[in-house]
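What follows is a short report on a single structure.
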Amino acid sequence: MPGGRLSQQERQQIALGLADGLAYAEIARRLDRPTSTVTREVMRNGGPTAYRADLAHRATERRTHRRRQAAPRGAEASPQPYGRDAEAVREFEETFTTVMMASGMTAMPARVMASLSLSDEGSLTASELVKRLQVSPASVSKAIAFLESQSLVRRERDERRRERYIVDDDVWYQSMMASARAIAHVVEVARQGVGVLGPGTPAAARLENVARFLDFVAESTARAAEQARAVLHTKTAAPSTADAGAEVEAGAEAEVAAEVDAGADAAAPDPGRA
């Protein structure tokens, strides 16, 4: 599978694939690239309906040029905790950002959300986000305001009186509950429309069906979030070399045991033939 950045020719093939209505996975298969690479490329360059190969290629060159200008000479990438591959982490952060953009979030809130979610502390200051994302403080401020309105982040001051933006264990629960409340509001409005349009009329019947459907979705979403909330608070121990070795050894023992059991089953006489 080829690595590195997409070439201009590959971008032209992506544009042709989109014009033909091909799925990202099919375009990626034809390019022998990961699906996430194609998805990220399209979403960061206008989306499937506005993607243009020439504009995307120039935009990538500009981004690369800005990164080189922003990086101090001789500077090396910050060391990653837990022995992580810095390049792999960067690529995954881009993929995570792309997924959130595909769900409807705009670029900057998605980038901020990804940075917060992938930090081990689950929190960053405004200056840390500005440095990490190479954007202006105003861009970070607008993104945070949007994420707060969606109940995805909260803010608090640390011991140095700096404001920190936090995505903690309960953020996704709060977001799901906010979504359920928003859907419930649509249900309420739809049922008001039934009364306005007149029960039994085609338009009213359509709205009633919408209300019933969304009412079920809202109730199910809230119930599932309540039931699964404890999962968000599950704590896991930090990985260590010893733990990794023990897991490999346990896996090997399990494979051997499975082979022994399979051999015993094969050798056992069939009661039906006795």
Side-chain angles (χ1 to χ4, degrees), residues 36-51 55-56 58-72 77-78 80-81 84 86-183 185 221 225 232:
S36 60
T37 297
V38 175
T39 305
R40 182 169 63 246
E41 166 69 13
V42 174
M43 294 306 300
R44 77 190 306 184
N45 290 292
T49 58
Y51 182 83
L55 295 180
R58 287 200 293 270
T60 299
E61 289 180 338
R62 286 196 299 270
R63 283 193 293 267
T64 302
H65 182 65
R66 284 199 300 269
R67 288 195 196 104
R68 287 171 180 166
Q69 285 185 321
S78 302
Q80 289 285 327
R84 295 171 181 144
E87 182 62 17
V89 171
R90 186 192 66 79
E91 289 185 359
F92 177 75
E93 185 165 337
E94 287 191 5
T95 300
F96 193 75
T97 300
T98 301
V99 168
M100 287 188 288
M101 289 171 64
S103 70
M105 194 178 291
T106 55
M108 189 51 61
R111 293 184 68 196
V112 170
M113 189 67 189
S115 292
L116 290 170
S117 298
L118 301 186
S119 66
D120 285 300
E121 298 80 8
S123 70
L124 294 167
T125 64
S127 61
E128 288 170 339
L129 283 167
V130 166
K131 181 178 179 181
R132 182 166 178 161
L133 299 176
Q134 295 294 310
V135 296
S136 69
S139 297
V140 169
S141 179
K142 290 178 181 177
I144 289 294
F146 171 80
L147 294 171
E148 279 187 309
S149 73
Q150 302 300 306
S151 301
L152 288 171
V153 302
R154 61 182 175 84
R155 63 179 78 196
E156 64 180 35
R157 293 194 178 276
D158 60 18
E159 65 280 358
R160 295 169 57 184
R161 304 297 297 166
R162 297 178 306 176
E163 199 166 63
R164 300 192 71 86
Y165 307 121
I166 301 169
V167 52
D168 60 16
D169 295 337
D170 224 33
V171 158
W172 292 103
Y173 165 78
Q174 296 295 345
S175 177
M176 293 302 294
M177 295 303 290
S179 177
R181 288 192 295 271
I183 295 172
H185 181 63
T221 298
L232 292 169

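All values derive from a computational prediction rather than experimental measurement. Start at 1 with the first residue, then count along the sequence.
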Task: Smallest separation among heavy atoms of A178 and S151, with atom names - done: CB-OG, 4.1 Å

TODO: Kindly say whether L116 contributes a backbone atom to a donor-acceptor pair with the side chain of S119 at under 3.5 angstrom?
DONE: yes

- [ ] Quick one: closest heavy-atom pair of M101 and A110, and the distance?
- [x] CG-CB, 3.7 Å

- [ ] List the steps, then state whether side-chain contact (heavy atoms from CB on, under 4.5 Å) holds for L55 with R58.
- [x] CA-CA 5 Å; L55 295 180; R58 287 200 293 270; 3.0 Å; yes

Open item on the list: Does R157, at its CZ atom, have more than 12 non-hydrogen atoms belonging to other residues, nucleotides or ligands within less than 6.0 Å?
Closed with: yes

TODO: Could you pull out the closest heavy-atom pair between P48 and M43, with the gap in Å?
DONE: CD-SD, 4.3 Å

Task: CA sep, side-chain torsions, deciding dist, call: M108, F146, side-chain contact (heavy atoms from CB on, under 4.5 Å) - done: CA-CA 10 Å; M108 189 51 61; F146 171 80; over 6 Å; no

Open item on the list: Just so I know, are the side chains of V140 and V135 near enough to count as touching, which here means a heavy-atom distance under 4.5 Å?
Closed with: yes

Task: Residue pairs fulfilling side chain to side chain donor-acceptor pair (under 3.5 Å) with at least one residue in residues 136-145, sequence neighbours excluded - done: S136-S139

TODO: Would you please test E148 and Y165 for side-chain hydrogen bond (donor to acceptor under 3.5 Å, both in side chains) and show each step?
DONE: CA-CA 10 Å; E148 279 187 309; Y165 307 121; over 6 Å; no

Task: Residues in salt bridge (Lys or Arg N to Asp or Glu O under 4.0 Å) contact with E91, at least two apart in sequence or another chain - done: none

Task: Closest contact, heavy atoms only, P81 versus D120 - done: CG-OD2, 3.4 Å

- [ ] Go through the side-chain N and O atoms of R164 and S123 and say whether any donor and acceptor fall under 3.5 Å apart.
- [x] yes

Open item on the list: Using every non-hydrogen atom in the two residues, find where R154 and E156 come nearest and quote the distance to one decimal.
Closed with: NH1-OE1, 2.8 Å

TODO: Identify whether the distance between the nearest side-chain nitrogen and carboxylate oxygen of E93 and R90 falls below 4.0 Å.
DONE: no

Task: Atom pair CZ (R40) and CZ (F96), whose distance is rounded to the nearest 0.5 Å - done: 14.0 Å

Open item on the list: Given 3.5 Å as the limit, does a donor-acceptor pair link the side chain of T98 with the main chain of E94, or not?
Closed with: yes

Open item on the list: Taking L133's backbone N and O only, do any of them form a donor-acceptor pair with R111's side chain (distance below 3.5 Å, no angle check)?
Closed with: yes

Open item on the list: With rounding to the nearest 0.5 angstrom, report the NZ to CG distance, K131 to L124.
Closed with: 12.0 Å

Open item on the list: I want to check something: taking the side chain as every heavy atom from C-beta on, are M100 and L152 in contact at a cut-off of under 4.5 Å?
Closed with: no

- [ ] Taking all non-hydrogen atoms of both residues into account, name the closest pair between L129 and I144 and its distance.
- [x] CD1-CD1, 4.5 Å

Task: Contacts of type salt bridge (Lys or Arg N to Asp or Glu O under 4.0 Å), residue E121, not counting sequence neighbours - done: none

